[in-house]
There are 2 protein chains.
Amino acid sequence: MGIGRPRTFDRDTALDQAMEVFWRHGYEGATIAQLTDAMGINPPSLYAAFGSKEALLKAALDRYTLRREAWMEEVLGAPTAREVTARMLMGVAEKQTDPSNPPGCLLVQGGLACGSGSSNVPFELAARRAQTEEQLRHRFERAKDEGDLAPSADPAALARYVSAVITGMSVMASSGADREALTQVAVVAIKAIEDQSVRAPVPAN
Amino acid sequence: MGIGRPRTFDRDTALDQAMEVFWRHGYEGATIAQLTDAMGINPPSLYAAFGSKEALLKAALDRYTLRREAWMEEVLGAPTAREVTARMLMGVAEKQTDPSNPPGCLLVQGGLACGSGSSNVPFELAARRAQTEEQLRHRFERAKDEGDLAPSADPAALARYVSAVITGMSVMASSGADREALTQVAVVAIKAIEDQSVRAPVPAN
DNA sequence: CCAGATTTGTAGTGCTCGCTACAAATGTGG
DNA sequence: CCACATTTGTAGCGAGCACTACAAATCTGG
């Protein structure tokens with residue numbers, strides 16, 4: 001009993017190529033032909049390795065989340081809610097216009113305009129976006145406990161707000177907005193959080 | 001020489017039905033079968049009346065813009081930049097969760113995740129979104145001239161910001177967010193504009 | 001009531017989609 | 001060198017897509 005012919009491609013490398021196609025064209029906009037071209041393999045190899053187009057997307061999403069994990073921890077590690085928001089939004093402005101990736105965010109670009117057929121892809125993407133919002137909410141709750149945010153502040157609302165701004169920036173980026181435009185949005189958006197911050201840590205102002 | 005068999009459907013009514021389908025499923029997600037079903041006509045009638053799927057979308061977009069014209073004038077007629085922003089965002093929160101329409105905004109929901117093929121639909125939608133941003137920019141420039149916005153304020157950046165928040169809210173709405181969630185976002189977002197407003201008109205604060 | 005003009009419904013067109021059957025190719029264990 | 005297991009490339013499956021050819025139906029002008 002043998003082990004079989006060995007695979008001629010690297011799974012993770014192929015997944016990166018697939019991620020880029022989904023990122024640029026969306027889930028329904030990406031065709032198997034585009035995916036196999038980018039991955040450098042043929043359809044049977046794709047289906048043997050990943051199962052289906054939807055399963056391939058989920059694998060790509062997992063990899064996308066993994067890639068951003070370190071950055072997210074750096075963002076959430078900022079000392080104040082204001083600084084968390086600033087790092088988050090300025091970082092998003094930078095990442096969403098990084099020429100080494102498609103513009104915008106995979107979790108937004110990949111899922112809209114999906115036919116409401118049997119596919120649950122839009123729901124899947126919304127759930128993954130909600131994860132980021134939840135992380136922000138927890139961080140803002142901590143900020144409120146630490147007295148960094150005003151007692152009247154609503155951590156859930158603030159997290160929703162930051163999440164909404166990120167999503168809006170993503171759509172702008174995928175429509176061709178440049179880094180300066182996104183940075184302008186980020187700078188204005190941060191002011192809404194400053195407004196609910198306790199100014200104590202900033203001396204003499 | 002006769003005039004021909006009369007049309008059995010109303011063009012504008014059919015256009016409203018088509019708009020709803022595009023709104024709910026996006027441009028590429030909407031099929032001709034769905035459109036003709038909703039419009040109550042057969043494909044040849046659709047093509048005779050509108051020319052093509054893309055032309056039908058553009059006609060629906062024109063009608064969408066027309067529908068919102070009166071509301072936009074009411075928003076832009078508010079006395080201050082802060083009030084313009086408040087009416088805009090609170091109105092968007094309400095309209096995007098109005099159960100008599102699909103959730104979100106047609107100009108966002110209709111155009112993302114379109115394959116970058118020969119179709120210029122995403123570009124068309126981005127241009128229409130930019131129109132709203134431009135209207136806001138002009139209004140904020142006026143506000144600055146009138147001393148309502150601080151001299152340091154950047155009307156273009158503020159308009160971009162409000163436009164980004166609206167877009168983010170639209171994606172949230174189409175992912176199932178309810179009116180309360182959108183209102184929370186709007187309330188926080190407005191604070192960023194207040195921050196750059198001259199407080200003079202608000203006495204004793 | 002007939003001739004010309006237009007719309008209507010039926011029934012497709014060619015094309016592309018996600019996906020797969022199949023056999024040749026390439027590996028390992030004995 | 002031979003079974004056996006797995007992958008590879010080719011070639012094509014049924015389904016659904018945007019779109020249309022065609023003839024019957026329905027109007028007006030004379």
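A note on names: the letters A, B, ... follow the listed sequences, proteins ahead of strands, and every chain is numbered from 1.
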With a 4.0 Å cut-off on heavy atoms, is Ala30(A) in touch with a base, just the backbone sugar-phosphate, or nothing at all?
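It contacts sugar-phosphate atoms only.
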
Nucleotide nearest [X] when distance is taken to its side chain, options [options]:
X	options	result
Arg7(A)	dT28(D), dT7(D), dC19(C)	dT7(D)
Ser52(B)	dC19(D), dT20(C), dA25(C)	dC19(D)
Pro6(B)	dC27(D), dG27(C), dT8(C)	dC27(D)
Phe9(B)	dA24(C), dT8(C), dC19(D)	dT8(C)

Report the residue from Arg137(A), His138(A), Lys144(A), Arg139(A) that forms a side-chain hydrogen bond (donor to acceptor under 3.5 Å, both in side chains) with Glu141(A).
Arg137(A)

May I have the distance from [X] (atom [atom1]) to [N] (atom [atom2]), rounded to whole angstrom?
X	N	atom1	atom2	value
Met39(B)	dT7(C)	CE	C1'	15 Å
Ile3(A)	dT28(C)	CD1	C1'	6 Å
Ile32(B)	dG9(C)	CD1	C1'	17 Å
Lys53(B)	dA18(D)	NZ	P	4 Å
Glu28(A)	dG16(D)	CD	P	14 Å
Arg11(A)	dT6(D)	CZ	C1'	16 Å
Leu46(A)	dT8(D)	CG	P	11 Å
Asn42(B)	dA23(D)	CG	P	18 Å

Begin from the C-alpha positions of Tyr47(A) and Ile32(A) and carry the test side-chain contact (heavy atoms from CB on, under 4.5 Å) through to its verdict.
CA-CA 10 Å; Tyr47(A) 282 88; Ile32(A) 298 292; 3.2 Å; yes

Answer yes or no: does a side-chain N or O of [X] lie under 4.0 Å from OP1 or OP2 of [N]?
X	N	value
Tyr47(A)	dT20(C)	no
Thr31(B)	dG16(D)	no
Ser45(B)	dT7(C)	no

DNA chain C: Pro44(B) or Gly4(B), which has the more 5' nearest nucleotide?
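Taking each residue's closest nucleotide, the earlier one in sequence belongs to Gly4(B).
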
Nearest 0.5 Å, what's the CZ-CE distance between Arg87(A) and Met72(A)?
12.5 Å

Gap separating the CE atom of Met172(B) from the CD atom of Gln96(B), nearest 0.5 angstrom
9.5 Å

Between Arg5(A) and Gly51(B), just flag the one whose closest nucleotide in DNA chain D comes earlier from the 5' side.
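On the 5' side of the pair lies Arg5(A).
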
Within the distance-only criterion (no hydrogens, no angle test), does the side chain of Tyr161(B) pair as donor or acceptor with the backbone N or O of Ala189(B) below 3.5 angstrom?
yes

